[in-house]
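Values below: all heavy atoms of this structure, side chains included; hydrogens, waters and symmetry mates excluded. Per chain, numbering begins at 1; letters A, B, ... match sequence-line order. Please read these numbers as outputs of a predicted model, since none were measured by experiment.
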Amino acid sequence: MTPIQPVVAHENKRRFKLIGRYTLLVGLGLIVIGPFILGLWTSLLPTAAISKGALWGKLSFDNYVTAITTTPILRYLLNSFVIAMVTTISQLLFCSMSAYAFVFLKFKYQRPLFALFLVTMMLPFEAEVIPNFATVRALGLLNHYAVMIVPFLTTAFGTFMLRQNFLQMPKELKEAADVEGLSHWQFYWRMTLPYAKISLLTLAAYSFLSSWNQYLWPMLTTFSDQFRPVQDGLRQLQGQETFNNWGMIQASAAIVVIPTLIVLLIGQHYFKAGLNEGAVK
Amino acid sequence: MTIQLEQLAKTYADSEVPVLTDVSVEVADNEFFVIVGPSGCGKSTLLRMIAGLTSISAGQLKINGVLANDLPPKARQLAMVFQSYALYPFLTVAANVGFGLKARHFSAPEIQQRVAHALKMVNLTELKDRKPKALSGGQRQRVALARAIASDAKICLMDEPLSNLDAQLRARMRLELKQLQQQLGLTVIYVTHDQVEAMTMADRVMILNEHQVQQIDTPINVYQNPKNEFVAQFFGTPQINLLTATVTGHQLQVTPDFNLAVTRPLPEGTALCVGIRPNQLQFKLTSRNANARIQTVAYLGDKLVATARLSDDQAVRLVSAETTTLAPGDLIAITGAQQVVLFDNATGKLITTEQEVAARATIAVG
Amino acid sequence: MQQSLSGKAKTRPLTPANVTVGRRRWSERGYALLFLGPSLALLAVFIFWPMLKTLYMSFFLTDKFGHITVFNGLGNYRSLLQDASYWASLGATLSYVAVVAVLTIVLGLILAVAAQQQLKGIGFFKTLFSSTMGISVSVAAIFWLFAFNPSVGVFAQLSQALHLPEINWLADPHFALLAIIITTVWMNLGFTFLILFGALQQVPRSLYDAADVAGVAKRTQFLKVTLPMISPTLFFVTTVTLIDAFKSFGLIDLMTAGGPSNATNLLVYRVYQDAFLNGSYAQASTESVVLTLLIAVVTLVQFKLFGKRVTY
């Protein structure tokens, strides 16, 4: 009954629509990763070519070799990695413990203390660097890993996020544990943490990236390449290479960006789920 | 293990209205004790007070003679099965069953042995390495049971453990639960809103309503001698008929053409509430001396359930053999009842019960 | 820990002799101390104490070592309010924050909507769109410094090729802030996309089905169904973006160092300059207090609107 002609026309229209959609996606994708591609591309070009404004030339990994052999970029990466790892693990521990206290324990001043945690989320660390600098100087922590870890061992945000998650645990699970006689520590360690695995992973990804992206604080408190994390390290490189060895700088940037992209790819799924949960629900 | 409740009461800190008042009972060793009532009557609260999950506001709780009001749940040596089963999604069946034993520092071989035994009792041995997610509702329920068994506690509290199962499975599990209780010699306190569960499983039933105990007795006694209208209505399907009647001489006049002869003298003119179970109501299909008209008829396979209307428009439920031919519009004559239960119209409290009561269309003289 | 009963004692009969009563409450308190203590102590040392100290210092004058000298009352605030360059900083910060928020949300929403399409390979584009989340501040700065470079950058080459007037982005006071805004928005996109994408996914399909059956146009569906449904998330993303923008420091230090002629001297950068470069600790503290107030207001609005959902 249906004539063939309209079907073909319909098919064509559909195909055009499809092409249009992909064009849109590719276009948006290019805008988003354009600067990144540009950087990656130039990192493979000889600096001489870049300085002339050329975007073509002989591709090689020379810039990477130069960056690795002549700058402490790998040391910076290692520093950042150590700092971010320790910070992440300790945040997972301390935040989950304080979240547990707010959800499963009953104690005096529980509500005011929780309010205090909420208030903390309003206070930007950036506005408190002056006394904090004095504190770490007095503690003798300057220019050491500890100075970039100790102030960030715990966060109110992490506590808050995990608390939201713990609140969603069915209360029967805690009651069953009470009847069975699990102590708080046992319930925390063996039941709550496994139960909140996804939120913990989200928080881990978040903590790692926040620590990795620290800039102001390490800049104020570290003075040697031995402890300098990668963000401030890159700044150091830029400062030294006054004559803009663009190829090498781009190569260093690429070396730095790769680990975070890996963390992101792994953590993306959890990140989305967890943040939506913690923030909006 | 015995459990004594002495005038237990619960009032939450942020409210003045008590959730429970004056609950007293002694649950005997090896008894299957059911607490039943509509939602919101406080039955779960009572169970949680016994478990130690909710604090006791007044009265005494004694477990095996020991005052347990302030004992933490763990020290009360009991097991509990929750409505939602409270299984840990990240633990295997076996780990869920054994999870409390580890906390109590049992040795690994003993844990293994107890878990294996408990799983065998509920026929789950083959599924011991699965996660709860991979189990059916009935299987999850068994895991929760196995956990209670493994704990070796002699008291088991159950909070609507079957309410998430489908009807067939529920019927089967009722029998299994009861068997298990007897095999293990458990003292069970079982909370449900389902009267059939209460009737089929209980040694004794406690009926709660509006924060108060209505009656505590065996299922048969509760059914036959309900202490008040609420209890009478709560048990039995179809529901008991509650008709208003006036005392006229030795008879109860429900309507001018429907009178019940009672032996017990009652003050003339009092209004009463007459309870008659539908299956105990006797009637004849006849237009002579008829006092009711059939309204609806439902065929249930083994019996008929019908409703009829009296001349004053009160509805009456009837049950009859499946062979009876009844149709809406038919006239019937109610001829008597195997038993009637009389309640005070104002308080709803039981006055008396009478057996083999005859009904007449007119008031007998004398 | 709560009870002396454990192990084999469990199987003993329940008699008064082997149960201990009344230790439970102490134990809860002990746990509270154990669980909450570390976090509380850390926050006290690194958040509360410095906040109070900053507030305290804002009422005094300080020497170049940051030591308090003379009580100055509200003097620091008065001089701050009379400082035209501070007002310029505040103005630049507010316009930066506002433009960044608007652009981030609009672009993030476009990406999120585009990624909703049911197409083959959409997962690849989702990863692409969220990728800037993994790009740290100094790397972003390098990429964009290169792009904005007046001799070799793409923008310069593009305007050359198209015979447009050449802009020296980072050296021109009219464009430097815009350059920072573009870079910030770009960095924000990944996170914003991810969150908004998640919110769009959670709008029940049935709402669209109902709208389709009722013959509601797609655009109207977006305005009347999608936007209201994701409005809590939109609001959340907005406040997070605002707060982050108020705290911007890295990009400025890396790309313009507050210049040219203070065009990008935003509030945090100013605090840093006054305290650590100029040694005016009291002034920097005063500026910190103002910054905190601004951020606190945004956060409070966020809490207020999410209060019902966020706290129980």
Need one label for [X]: side chain, backbone, both or neither, based on atoms under 4.5 Å from any heavy atom in chain C.
| X | result |
| --- | --- |
| A:Ser252 | neither |
| A:Leu116 | both |
| A:Tyr100 | side chain |

In the structure I gave you, are the side-chain heavy atoms of [X] and [Y] within less than 4.5 Å of one another anywhere?
| X | Y | result |
| --- | --- | --- |
| A:Ile249 | C:Phe146 | no |
| A:Leu25 | C:Leu119 | yes |
| A:Val26 | C:Phe125 | yes |
| C:Ser285 | A:Ile130 | yes |

What heavy-atom pair brings [X] and [Y] nearest, and what distance separates the two atoms?
| X | Y | result |
| --- | --- | --- |
| C:Gly134 | A:Val257 | O-CG2, 3.9 Å |
| A:Asn132 | C:Pro50 | OD1-CG, 3.2 Å |
| C:Ala296 | A:Met122 | O-SD, 3.7 Å |
| C:Val139 | A:Gln231 | N-OE1, 4.4 Å |
| C:Leu128 | A:Gly29 | CD2-CA, 3.7 Å |
| C:Leu254 | A:Arg235 | CD2-CB, 3.6 Å |

Residue among [options] with most heavy-atom pairs under 4.5 Å to chain C:
| options | value |
| --- | --- |
| A:Leu153, A:Val136, A:Leu18, A:Val230 | A:Leu153 |
| A:Phe125, A:Tyr188, A:Phe152 | A:Tyr188 |
| A:Ile31, A:Thr154, A:Leu24 | A:Thr154 |

Who wins among [options] for the most heavy-atom pairs under 4.5 Å with chain A?
| options | value |
| --- | --- |
| C:Leu40, C:Ile142, C:Thr54 | C:Ile142 |
| C:Val137, C:Val154, C:Val45 | C:Val137 |
| C:Leu291, C:Leu111, C:Leu267 | C:Leu111 |
| C:Leu145, C:Asp253, C:Val271, C:Leu34 | C:Asp253 |

Contact origin within [X] toward chain A - heavy atom pairs under 4.5 Å:
| X | result |
| --- | --- |
| C:Val268 | side chain |
| C:Phe48 | side chain |
| C:Tyr272 | side chain |
| C:Val297 | neither |

Is a side-chain donor or acceptor of C:Ser39 paired with a backbone partner of A:Phe94 at a separation under 3.5 angstrom?
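Yes: the side chain of C:Ser39 pairs with the backbone of A:Phe94.
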Report the distance from atom CZ of C:Phe143 to atom CD1 of A:Ile33, rounding to the nearest 0.5 Å.
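One gets 10.5 Å once the value is rounded to the nearest 0.5 Å.
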Fit a plane to each ring of C:Tyr31 and A:His184, take the angle between them on a 0 to 90° scale, and name the class: parallel (under 30°), tilted (30 to 60°) or perpendicular (over 60°).
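Judged by the thresholds at 30° and 60°, the geometry between C:Tyr31 and A:His184 is perpendicular.
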What about the rings of C:Phe276 and A:Phe133, do their centers lie closer together than 6.0 Å?
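That pair passes the under 6.0 Å test.
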Compute the centroid of each ring, for A:Phe104 and then for C:Phe35, and state whether the two points are separated by less than 6.0 Å.
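Ring centres of C:Phe35 and A:Phe104 not closer than 6.0 Å.
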